Engineer: 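Sharing a structure, written as structure tokens. Questions coming.
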Amino acid sequence: MPELPEVEHVVRALRRVIVRRRILAAEIRLPKLVPPEGKAAFNRKIKGCRIIGVRRRGKFILIDLDRARMLSHGRAARTRQGSGSVLIVHLRMTGKFRYLTVDEELPRYAHVVFYLDNNRRLVFCDQRQFGVMKLVPYSRLGLTKGIHELAPEPFSDDFSLNYLKDVLTRSQRSLKTLLLDQTKVLGLGNIYASEALFRAHINPFKIAATLSAKRVGLLHQAIREVLSDALSDGSALRVNLEHPEGFSYGEAFEDIWQVYDREGEPCARCSAKIKRETHGGRSTYWCPRCQRA
DNA sequence: ACCCTCACCTGCACGC
DNA sequence: TGCGTGCAGGTGAGGG
């Protein structure tokens, strides 16, 4: 389910409950989640670690861990580099976290259970088993495959108009495909890629390199707008780690989609019927009139 | 270097 | 009711 805004909401929810907790043990119920060293090695490494922070990079969740016995403010920076490690989690399509008391029954598809030092359990669930979990030394995070190739964060200065111009100019792919490439543009998924192109009045099948400078500007703005709209409290996914689903939807959430999942409905701008086309197994939604070119 | 297709899983909504 | 099909908010390996 998650694109960048949803991952950010999960990160914030996790931060509220697990920071400063110590992990007493990890129970791996789906062994393929921690290859190749296996369950025992993973558990040995993570046992006793203190959770000192939760961050996001693209759609990855980064849980910072520290082995040090005592964590004081003054020492945090040093220990972080010395003995720290990072638990990297990607939710892919159906990954979810739950935060449970000891009494609550494990949900279906509970693949990893972290036992915390406050009588709670942090559970990673994933129906489709696409989710990925990896433990790396803090010092190697930036070199980790999947992380180091990522494009700049969409709200950072590095994701500039010139950056986007440069990326688009050098690509012969369709804009929709390019927007899904996390090494080129970070954070969009299948929903927000369609939404950003709609907002910018640009045809999803247009070849990236052929976009005019002016329209690159519109797209750049649209990318940031769809993401920040989805991040704002009024219109986003409500993450509730104690809810049976791990989240619930704000009532306005799906209403903010202008084209996604609206095949056949009238376009909000011009009333033409929204179209859908699949290629590469993924649906693209667009308005054939106001996204003509 | 780029770009495409398929593979990875389970479940659900749909039509016959 | 049952079964087949297509689809699901993501990526990575492997091939051309």
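Basis for what follows: all heavy atoms, side chains included, without hydrogens, waters or symmetry-related copies. By convention in this document, chain letters (A, B, ...) are assigned in the order of the sequence lines, proteins followed by strands, and residues within each chain are numbered from 1. Being a predicted model, the structure only gives us computed values, none of them experimental.
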Engineer: Write out all pairs satisfying side-chain hydrogen bond (donor to acceptor under 3.5 Å, both in side chains) with one or both partners inside residues 202-223 of chain A, taking only residues at least two apart or from two chains.
Structural biologist: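 Those involving residues 202-223 of chain A are A/Lys206-A/Thr210, A/Gln221-A/Glu225.
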Engineer: Does any non-hydrogen side-chain atom of A/Arg120 lie less than 4.5 Å from one of A/Val17?
Structural biologist: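 Sidechains of A/Arg120 and A/Val17: no contact.
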Engineer: Has A/Arg224 got its NZ or CZ under 6.0 Å from the middle of the six-membered ring of A/Phe159, at an angle within 45 degrees of the ring axis?
Structural biologist: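 No, a cation-pi geometry is absent between A/Arg224 and A/Phe159.
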Engineer: Pairing donors with acceptors under 3.5 angstrom, does anything connect the side chains of A/Arg276 and A/Ser283?
Structural biologist: yes
Engineer: To the nearest angstrom, how far is A/Lys32 atom NZ from B/dA7 atom C1'?
Structural biologist: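 After rounding, the reported distance stands at 11 Å.
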Engineer: Does the ring of A/Phe130 lie flat against the base of B/dC8, closer than 5.5 Å centre to centre with planes under 30°?
Structural biologist: yes
Engineer: Quick one: does A/Ile18's side chain get under 4.5 Å of A/Phe114's, heavy atoms only?
Structural biologist: no
Engineer: Is it the case that atom CZ in A/Arg292 sees more than 12 heavy atoms from other parts of the structure closer than 6.0 Å?
Structural biologist: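 Result for CZ/A/Arg292: open.
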Engineer: Counting C-beta onward and ignoring hydrogens, is there a side-chain heavy-atom pair between A/Leu4 and A/Tyr192 closer than 4.5 Å?
Structural biologist: no
Engineer: Let me know the distance between CD of A/Glu277 and P of C/dG6, rounded to the nearest Å.
Structural biologist: 16 Å
Engineer: Are side-chain heavy atoms of A/Pro107 and A/Leu100 found at a separation under 4.5 Å?
Structural biologist: yes
Engineer: Dot-bracket for DNA chain B, please. Rules: Watson-Crick or G-U, both distances under 3.5 Å, ( ) within the strand, [ ] when a pair crosses earlier ones, | for another strand, . otherwise.
Structural biologist: .|||||||.|||||||
Engineer: Below 3.5 Å between N/O atoms, which protein atoms pair up with nucleotides 11-15 of chain C? Just atom names and distances, please.
Structural biologist:
| unit_1 | atom_1 | unit_2 | atom_2 | d |
| --- | --- | --- | --- | --- |
| C/dT11 | OP1 | A/His90 | NE2 | 3.1 |
| C/dT11 | OP2 | A/Lys59 | NZ | 2.8 |
| C/dT11 | O3' | A/Arg92 | NH2 | 3.4 |

Engineer: Would you say the side chain of A/Ser194 lies within less than 4.5 Å of the side chain of A/Trp257, judging by non-hydrogen atoms?
Structural biologist: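 No, their side chains stay 4.5 Å or more apart.
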Engineer: Pull out every protein N or O sitting under 3.5 Å from an N or O of nucleotides 10-14 of chain B, one pair per line with the distance.
Structural biologist:
| unit_1 | atom_1 | unit_2 | atom_2 | d |
| --- | --- | --- | --- | --- |
| B/dT10 | O2 | A/Gln127 | OE1 | 3.4 |
| B/dG11 | OP1 | A/Arg108 | NH2 | 3.0 |
| B/dG11 | OP1 | A/Tyr109 | OH | 2.4 |
| B/dG11 | O4' | A/Gln127 | OE1 | 3.4 |

Engineer: Taking the side chain as every heavy atom from C-beta outward, state whether A/Leu65 and A/Leu135 have any pair of such atoms under 4.5 Å apart.
Structural biologist: yes
Engineer: Rounding to the closest angstrom, what is the interatomic distance between C/dC3 and B/dC9 at atom P?
Structural biologist: 24 Å
Engineer: Would you check if A/Glu6 and A/Leu91 make a side-chain contact, meaning some heavy-atom pair closer than 4.5 Å?
Structural biologist: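 Of all side-chain heavy-atom pairs linking A/Leu91 with A/Glu6, none is under 4.5 Å.
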Engineer: Return each pair, listed once, that meets ring pair (Phe, Tyr, Trp, His ring centres under 6.0 Å) where at least one residue sits in residues 264-293 of chain A; pairs must be two or more places apart or across chains.
Structural biologist: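 The answer is A/Phe205-A/His279, A/Phe205-A/Trp286, A/Tyr260-A/Tyr285.
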Engineer: Hey, what are the protein-to-nucleotides 1-4 of chain B N/O distances that come in under 3.5 Å?
Structural biologist:
| unit_1 | atom_1 | unit_2 | atom_2 | d |
| --- | --- | --- | --- | --- |
| B/dC3 | OP1 | A/Gln172 | N | 2.7 |

Engineer: Examine distances only and state if a side-chain atom of A/Asp158 and a backbone atom of A/Pro152 form a donor-acceptor pair shorter than 3.5 Å.
Structural biologist: no
Engineer: Mind checking A/Gly131 for me? I need base, sugar-phosphate or nothing, with any heavy atom below 4.0 Å counting as a touch.
Structural biologist: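 Nothing, no heavy atom under 4.0 Å.
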